[in-house]
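The sequence lines fix the lettering, A, B, ..., with proteins before strands; numbering per chain opens at 1.
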Amino acid sequence: MLGLFKGMGITLKNMTKPKVTLGYPHEPIKMPDRFRGIQHFDPEKCIVCNQCARICPTNCISLTGKKHPDPNKRGKIINTYDINFEICILCDLCTEVCPTEAIIMTNRYELATYSREALLKDMKWLHANDQMIRQDNISSKPKRGGK
Amino acid sequence: MDWYIFVYPVILLAIVLVFVMYAIYFERKVIGWIQLRKGPTETGPKGLFQSAADVFKLLIKEDIIPSKADRPLFKLAPILAYVPAFSVLAVIPFTDAPYLKFSNVAVGLMYYLALSSITVMGVLLGGWASNNKYSLLGGMRAGAQMISYEIPLVLSVVGVVMSAGSLNLTEIVETQIAGAWNVFPQFLGFVVFIIAAIAELNRTPFDLPEAESELVAGYHTEYTGFRFAFFMLAEYTYVFAMASLITILFFGGWDAPFGLTFIPPLVWFILKFCCFVFLLFWLRATFPRLRGDQLMEFAWKGLLPLAIINIFVSALLKEVPFLSQYF
Amino acid sequence: MLRTEEMVLNLGPQHPSMHGVLRLVVKIDGEIIREIEPVVGYLHRGTEKLAEDLNYTQIIPYTDRLDYLSSMTNNYVVCHATETLMGLEIPEKAEYLRVIVMEMNRVASHLLWLGTFLLDVGALTPFLYCFRDREQILSMFNELCGARLTYNYMRVGGVKWDAPAGWLDKVKNFADYMINEIQNYHELISGNEIFLQRTKGIGVITKEMALSYSLSGANIRCTGIDWDLRKKQPYSVYDRFDFKVPLGKTGDLLDKYHCRMDEMVEAMKIVKQAVEGFPEGGATMGKVPRVLRVPEGEVYVGVESPRGELGCHIVSKGKDKPWRIKFRRPSFYNLQVAKELLVGQNIANLVAILGSIDIVLGEVDG
Ligand code: SF4
Ligand code: SF4
């Protein structure tokens with residue numbers, strides 16, 4: 001019988017303890033800096049190396065480049081850049097391989113929408129998504145050759 | 001025939017409905033607090049309208065009857081479950097004031113116990129008529145459980161009846177006011193009664209008929225909308241009735257302890273009543289569920305002998321010179 | 001005797017206590033189970049087949065989703081297999097971080113098991129307490145690697161992130177807190193007579209059964225067989241830590257419960273030792289070629305996941321992608337014993353026994 005009452009004591013004690021739940025939709029949850037949220041994309045920095053699209057395990061990045069408008073410069077600039085958030089698993093690999101940090105994680109996590117189309121984010125949208133960008137990116141590059 | 005015979009039941013029904021709504025709210029809050037949550041907070045200030053919103057939602061929901069269900073019985077079941085639950089309230093005296101007694105039946109306790117056992121038929125029918133295997137299992141469990149626990153429940157109050165010498169609930173309270181609250185002399189009876197009462201109410205740790213992790217929702221798995229609401233209503237009306245009955249049988253009804261008579265009797269009643277309701281929620285938040293066979297064993301091998309012992313002990317002590325004033 | 005008919009009951013794939021999408025076709029006589037047929041595969045995503053088309057780094061996020069309650073061990077097993085085949089050397093710091101996160105993940109996973117198991121036997125509240133504590137682990141992981149469930153934290157050759165400032169102190173405080181908190185759990189649950197009634201002598205696994213079904217994890221340790229890969233085939237830096245392997249005696253649900261509870265305490269002790277011995281400097285990634293080409297060969301490694309022996313078998317043909325990869329998924333093996341355990345029990349025991357095996361359907365179905 002004792003065990004039953006002991007348990008009741010524990011539950012009663014917990015009744016007055018501070019609550020641990022959060023008032024989520026009313027108070028936004030602050031994520032730590034390293035949080036992997038919806039990416040921010042900076043077309044200026046992108047060198048169209050295609051590494052992000054190649055590493056992406058779910059093949060959700062599709063990008064096209066075009067010739068640099070300035071004929072004196074070599075290389076390409078980005079033309080379109082889409083991420084399909086229906087299948088993006090926010091795994092962080094694209095931001096890890098990007099040599100110029102053109103694609104970078106933010107702390108934004110709210111992705112719910114009413115239609116599938118709305119989950120296809122294009123370059124403009126990703127570029128405008130420039131709040132709460134992750135600061136701690138340098139160390140995200142795997143250190144090759146022991147630093 | 002006085003006019004209030006018709007008006008009072010309507011008022012009582014309203015009170016019961018409000019009680020049910022706020023009992024559910026209170027339950028969710030208490031269990032929330034115990035589980036370190038806040039409970040309902042969204043609808044209305046502090047979530048006070050949450051239950052009202054839930055009831056409203058149930059009422060406007062589509063009424064679905066499974067196509068293979070036994071239609072007349074399916075419709076009858078919730079009514080059969082609820083009507084006795086409400087009618088037993090007629091004999092409960094809430095205070096000593098005459099206007100709060102609906103009917104002062106000489107065999108009030110008997111009436112209560114007899115009527116309340118009709119509900120099990122509603123539950124059984126609901127489980128049977130749904131034509132769902134989980135419902136059937138839930139209904140069978142409920143049938144077995146409620147019938148088994150009825151016996152210790154009835155036997156445990158025999159001691160109380162003997163000491164009061166009456167089956168009238170008002171008289172039972174009055175003898176307690178004159179003597180001592182029945183919890184003390186009838187402690188064994190009280191323990192048996194409270195356990196059997198919780199089992200009768202199908203609440204944790206005896207909530208087998210609705211065991212969510214086993215039977216989805218038990219006998220009301222197939223019920224939706226207002227029919228489901230009626231089952232819930234019946235359940236919580238029984239909480240109301242059982243809490244009142246315990247207050248009356250064992251805690252002296254509206255009697256004020258320690259001579260604190262400046263607090264009105266009705267308030268005392270409500271206070272004692274709330275303690276029991278809280279106990280139910282508290283148990284629900286703490287205990288796991290018993291298994292079917294253990295439940296039966298407990299009723300027949302544990303509670304029943306205890307209840308019988310209680311009767312004999314009460315009868316014996318009634319003859320002991322000094323103690324007889326309490327028995 | 002009255003002739004009664006048996007009833008076929010379909011438990012799941014949608015059922016409150018199926019822990020996912022397991023389906024059990026049971027034939028019941030009253031409430032007693034006469035026959036039972038588990039049906040798996042509702043969550044099959046073909047991870048192994050998909051992995052044949054992915055390079056080694058890309059496989060890691062897929063393993064997060066196998067046993068989604070202990071992604072860290074899944075991450076580890078595929079990295080460990082690849083590293084073994086490549087003969088890579090892992091910096092000490094990375095190994096320590098790996099051990100810390102794997103043991104914390106073990107606690108998180110056991111906490112979730114504890115909560116859902118008690119939910120199965122009908123107690124509501126411990127579930128929420130378990131989640132309160134698990135939440136702390138998840139937020140620490142969130143700080144470390146940016147995700148709460150699908151960590152994708154380890155890489156072939158090391159780990160992705162070093163511990164952020166102050167993180168190790170938090171981990172240590174949590175370990176102290178948790179060792180203390182387990183006492184509260186014991187007080188709330190272990191002495192509860194109803195709980196004892198529901199678990200003592202129920203679902204007994206014998207030693208022979210455990211061996212013939214190739215069980216692992218708490219399911220074999222509860223029978224008294226001392227089998228823990230962290231001790232038997234030490235990997236990573238486990239040989240540096242001092243910890244016990246809790247064993248049961250009878251193999252019933254209560255023993256399994258105690259095994260897992262004690263395992264949590266031991267895991268926290270390992271975490272504490274790892275934090276104390278944490279190497280100051282050093283890299284978190286070893287020397288890894290830019291493109292991971294794994295030399296031709298085969299390897300099998302097994303690690304002790306919260307559910308048992310999690311194995312990874314890689315066959316490489318020298319490409320940057322595995323030719324064949326196979327996971328030994330402990331939940332799948334442990335589930336096989338259910339059929340034998342459940343026949344003759346009643347529905348209430350079915351739920352409890354199934355809960356005690358601790359399956360994760362993501363892992364069962366691969
Ligand atoms: S986060 Fe992962 S899944 Fe998403 S786009 Fe980047 S690489 Fe692809
Ligand atoms: S990896 Fe970076 S630079 Fe290369 S294409 Fe992707 S976003 Fe552009």
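For S51(B) and D54(B), the side-chain atoms include no donor-acceptor pair closer than 3.5 Å. Side-chain atoms of Q145(B) and N202(B) form a donor-acceptor pair, as typed in the model, at a separation below 3.5 Å.
Contact annotation for F195(C): both backbone and side-chain heavy atoms come within less than 4.5 Å of a heavy atom of chain B. Proximity to chain B (any heavy atom under 4.5 Å) is shown, for R198(C), by both the backbone and the side chain. Interface residue I28(C): only side-chain heavy atoms are found under 4.5 Å from chain B. Within the 4.5 angstrom heavy-atom criterion, atoms from both the backbone and the side chain of L11(C) approach chain B.
With sequence neighbours excluded, the residues forming a side chain to side chain contact (heavy atoms under 4.5 Å, CB included) with T224(B) are I64(B), listed by chain and number.
The contact list for residues 28-36 of chain B toward chain C, using heavy atoms and a distance under 4.5 Å, reads I34(B), Q35(B), L36(B) by residue number.
Figure legend: R227(B) and Y223(B) shown without cation-pi pairing, the cationic atom not lying both under 6.0 angstrom from the six-membered ring centre and within 45 degrees of its axis.
With chain C as partner, the option from R291(B), R37(B), M140(B), Q294(B) having the largest number of non-hydrogen pairs under 4.5 angstrom is R291(B).
Here the rule is side chain to side chain donor-acceptor pair (under 3.5 Å) with S109(C), and of R260(C), R307(C), R134(C) only R307(C) fits it.
A side-chain hydrogen bond (donor to acceptor under 3.5 Å, both in side chains) check over residues 275-287 of chain B, counting only residues at least two apart or in different chains, returns the pairs T11(A)-W282(B), T11(A)-T286(B), E27(B)-R284(B). Applying the side-chain hydrogen bond (donor to acceptor under 3.5 Å, both in side chains) rule to pairs touching residues 333-347 of chain C yields E37(C)-K339(C), Y213(C)-E340(C), Q345(C)-N349(C), sequence neighbours excluded.
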